[in-house]
2 protein chains.
Amino acid sequence: MKKITLKDIAAHFLVSVSTASKAINDSHEISVALKEKIQAYAKDKNYKPSRLALNLRNKSNKTIGVIVPNILNYFFVQVLYGIEKVANDKGYNIISCISDESFEKESKTLEFLDSGTVDGLIVSLSEETQEKKRVEALLEIVDNQIPLVLFDRVSDLVHCDKVVVDDFEAGHTATSYFLDTGCKNIAFVSPISKSSVGTLRFEGYQKALSEKNIPLNYKLVVNFGKDDDLDVLMSILLDGAPVDAILGLDEITAVKVLKMVIARGYSVPDDISIIGFTNGQLSEYVTPALTTVSQHGKYIGESAAKQLIERIENANEGQFDFKTKVVKTSLVVRDSTRKLP
Amino acid sequence: MKKITLKDIAAHFLVSVSTASKAINDSHEISVALKEKIQAYAKDKNYKPSRLALNLRNKSNKTIGVIVPNILNYFFVQVLYGIEKVANDKGYNIISCISDESFEKESKTLEFLDSGTVDGLIVSLSEETQEKKRVEALLEIVDNQIPLVLFDRVSDLVHCDKVVVDDFEAGHTATSYFLDTGCKNIAFVSPISKSSVGTLRFEGYQKALSEKNIPLNYKLVVNFGKDDDLDVLMSILLDGAPVDAILGLDEITAVKVLKMVIARGYSVPDDISIIGFTNGQLSEYVTPALTTVSQHGKYIGESAAKQLIERIENANEGQFDFKTKVVKTSLVVRDSTRKLP
DNA sequence: CTGAAAGCGCTAACAA
DNA sequence: TTGTTAGCGCTTTCAG
């Protein structure tokens, strides 16, 4: 049976559309008798007001758009989960899009969403976008007064609410932990060197080293991209200099590094300690279990969603006091690092 | 700057709205001079037709809804990824919802989506829904002629396109593999005993046993729920009967079982072989690497999306020749099972 | 208590 | 070549 509209109902009872509308919305202006008849009929015919029409009328549709760079990365899944939870609570739906780390796909998606489809947007920038510093599409969004929350991979050029992790501190903490457990030759392996997040962590890494007067050794810094062969790079790294610790900038990288190191006969953590990022199942179940920096993805998602919905629902007030929320990371110590003395 | 509408543009040039509309859509009925002026202005002011209005007019919005039971399960993430890929290709957006294995949340979501928000729906049932066999909301969807594709967790009661895995065969294949490698006491550990998928795999398991004239031993069958302590159940299992193989019905279960078994001092695969489901990163990187049944999640997602979009775009033809696509699983052999003789 | 009319933003058939 | 009108489905004044 095809969808039934108010008009159909009105016709069936030979009343006007507006009467039918009021009856269904239980308006006091309508006689009880009529209301009951109409409501019963509506229920029977399974009438549902068309969202499409309501959306147009209300210029809103209780939907928020989310763009993440990569859904196969557990961190972003956690964030998504958090967003969904609070959005759902508050009666919002989610349009989720994946930028695949591509500037172009991100821009297209943004352009698409910038046309009334969503009430607000939660975005984490693609690496390419951060590298190129091309945030026009975001600026457009802001200019069009669509509430926007950036998380994790953010940009200073965009004026909006943000939820980030203290990546500088995270890099610093992890590196210091290596140092405190007696490691000296700490390698830094990053698949996201061009993102804000990667840069900040690197700065934290540098800072921790310099605090102990350890010079930065570029032989220990491995930045790689999608097309690089990590295995080869690791060989070069391990052959090129003594290494007793490795900081891997995302979960899968840390795990792969762990496996490669073990495959080459090193013992973890005795010969080499390893710390990863994103406290996911992989880190927990791999052997030896990985010490990781937890960014609390779910919490980030929840915060971003709360912040956004707040903005949406108080659209007029205080437009320009944007907040940046910094979520503290925590180091989850497991078996891939030596014990503190 | 606030959104600009056709009306604004029309007013600015003192023309009618329809003229403005045609000019912007580059209609041949409009003089080139005027078109150029208007288009330039529109571009400058960053005019974008309102999706909301277009949606109402076209009764369509190039959006498909997806409901999965659990987004923290890698299998569903893979499916989502596949769906997104083809949807994006064909210009569709995705509204993604999570049922959290809850019948109520699923019903609410379905009800919400059943009001013009989406052009079609891709759904995998929550376990609770399958257990209760309460598919009214789905029937409603079908009745309202909203194209629907069910995947993985499906229901016979709903008449629509489906994409499933041959779970019976998968259960059979995995069990047979154990048998062929010399295992005799094969345990079956399932967190989804009430879902279609779990049931079918169990039947495959039984079949494989009976083919070798091995009686089914209920001591070896462990069905557990969210609130059960798997650790306790595993102790009971291992203490209650000799066990030399365990089939875990999802990835995380298999991994947990693997860890527990090892923690109890068994050697894998020598004492106990283990096979899991969902060929994800976890299975690949855990030690020993898990032999798993791959359901090809991404491919399932792609198939479902293709099927759905096909339906959406050929809405009228052949309404009732629903197809069920069966995706073959494959056994990815790694180190948690003994070698074939 | 009920209905007519306007409007959300856009398009398209039909006039002029 | 441009404008008028109607309509997508619904709500909401404002009259009756």
Side-chain angles (χ1 to χ4, degrees), chain A residues 2-39 41-42 45-63 112 114-119 144-146 315, chain B residues 2-39 41-42 45-63 112 114-119 144-146 315:
Chain A
K2 208 58 189 168
K3 269 213 136 355
I4 180 175
T5 73
L6 264 193
K7 206 162 133 186
D8 301 328
I9 298 185
H12 181 258
F13 288 99
L14 302 171
V15 297
S16 76
V17 177
S18 63
T19 302
S21 168
K22 288 174 190 164
I24 288 190
N25 291 316
D26 214 15
S27 160
H28 49 268
E29 317 182 356
I30 304 293
S31 71
V32 180
L34 186 55
K35 277 202 289 195
E36 279 176 352
K37 273 199 307 188
I38 292 188
Q39 287 174 7
Y41 182 77
K45 293 291 181 192
N46 208 275
Y47 166 77
K48 287 214 198 69
S50 153
R51 287 276 153 206
L52 263 27
L54 287 196
N55 290 348
L56 175 57
R57 194 156 209 296
N58 305 332
K59 286 146 155 280
S60 138
N61 50 13
K62 285 276 190 179
T63 300
F112 173 81
D114 178 22
S115 49
T117 333
V118 296
D119 297 336
N144 285 343
Q145 317 215 15
I146 299 179
Chain B
K2 209 58 188 167
K3 269 211 132 5
I4 180 175
T5 73
L6 263 193
K7 205 162 133 185
D8 301 328
I9 297 183
H12 181 259
F13 288 100
L14 303 171
V15 298
S16 77
V17 176
S18 66
T19 302
S21 168
K22 289 175 191 163
I24 287 188
N25 291 317
D26 214 16
S27 158
H28 49 269
E29 329 184 339
I30 304 293
S31 73
V32 179
L34 185 54
K35 276 201 288 193
E36 280 176 352
K37 274 199 307 187
I38 294 188
Q39 287 175 5
Y41 182 78
K45 293 291 182 193
N46 209 277
Y47 166 78
K48 285 214 198 70
S50 153
R51 289 273 153 212
L52 263 27
L54 287 196
N55 291 348
L56 175 57
R57 192 151 211 299
N58 306 331
K59 287 147 156 278
S60 138
N61 52 12
K62 285 275 190 180
T63 301
F112 172 82
D114 179 22
S115 50
T117 333
V118 295
D119 297 336
N144 285 342
Q145 318 214 15
I146 298 179

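All chains are named by letter (A, B, ...) in the order of the sequence lines, taking the proteins before the strands, and each is independently numbered beginning at 1. Fair warning: this is a prediction, and the values are worked out from it, not measured in the lab.
- Taking A/S18 as the reference, A/S16 meet the side chain to side chain donor-acceptor pair (under 3.5 Å) condition, with sequence neighbours excluded.
- Between the axis at the start and the axis at the end of the helix from C/dC1-D/dG16 to C/dA16-D/dT1 there is an angle of 60°, using five pairs per end and rounding to 10 degrees.
- With sequence neighbours excluded, no residue satisfies side chain to side chain donor-acceptor pair (under 3.5 Å) with A/S50.
- Rounded to a whole Å, the CD1 atom of A/I30 is 13 Å from the P atom of D/dT11.
- Applying the salt bridge (Lys or Arg N to Asp or Glu O under 4.0 Å) rule to A/E36 yields no partners; only residues at least two apart in sequence or on another chain are considered.
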When every nucleotide of nucleotides 6-16 of chain C is labelled 5' to 3' by its protein contacts under 4.0 Å (heavy atoms), B for base, S for sugar-phosphate only, - for none, what sequence of letters results? -BBBBBBB---
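- Ion pairing of B/K62 with B/D119 is absent here, as no side-chain N (NZ or NE/NH1/NH2) approaches a carboxylate O to less than 4.0 Å.
- Rounded to an integer number of Å, the gap from CG of A/D8 to P of D/dG9 is 8 Å.
- Remark: B/S21 engages no residue in a side chain to side chain donor-acceptor pair (under 3.5 Å) (not counting sequence neighbours).
- The nearest whole Å value for the distance from the CZ atom in A/R51 to the P atom in D/dT11 is 11 Å.
- Within the structure, salt bridge (Lys or Arg N to Asp or Glu O under 4.0 Å) contacts touching residues 11-33 of chain A (residues at least two apart or in different chains) are A/K22-A/E29, A/D26-A/K35.
- Partners of A/N58 by side chain to side chain donor-acceptor pair (under 3.5 Å), not counting sequence neighbours: none found.
- Taking the ring pair (Phe, Tyr, Trp, His ring centres under 6.0 Å) definition, one finds that B/F112 meets it with nothing, sequence neighbours left out.
- We find that CG of B/N55 is positioned 15 Å from P of D/dC10, with the value rounded to whole Å.
- Rounded to an integer number of Å, the gap from CG of B/L34 to P of D/dT1 is 11 Å.
- For A/I9 and D/dC10, the CD1 to C1' distance is 12 Å, given to the nearest whole Å.
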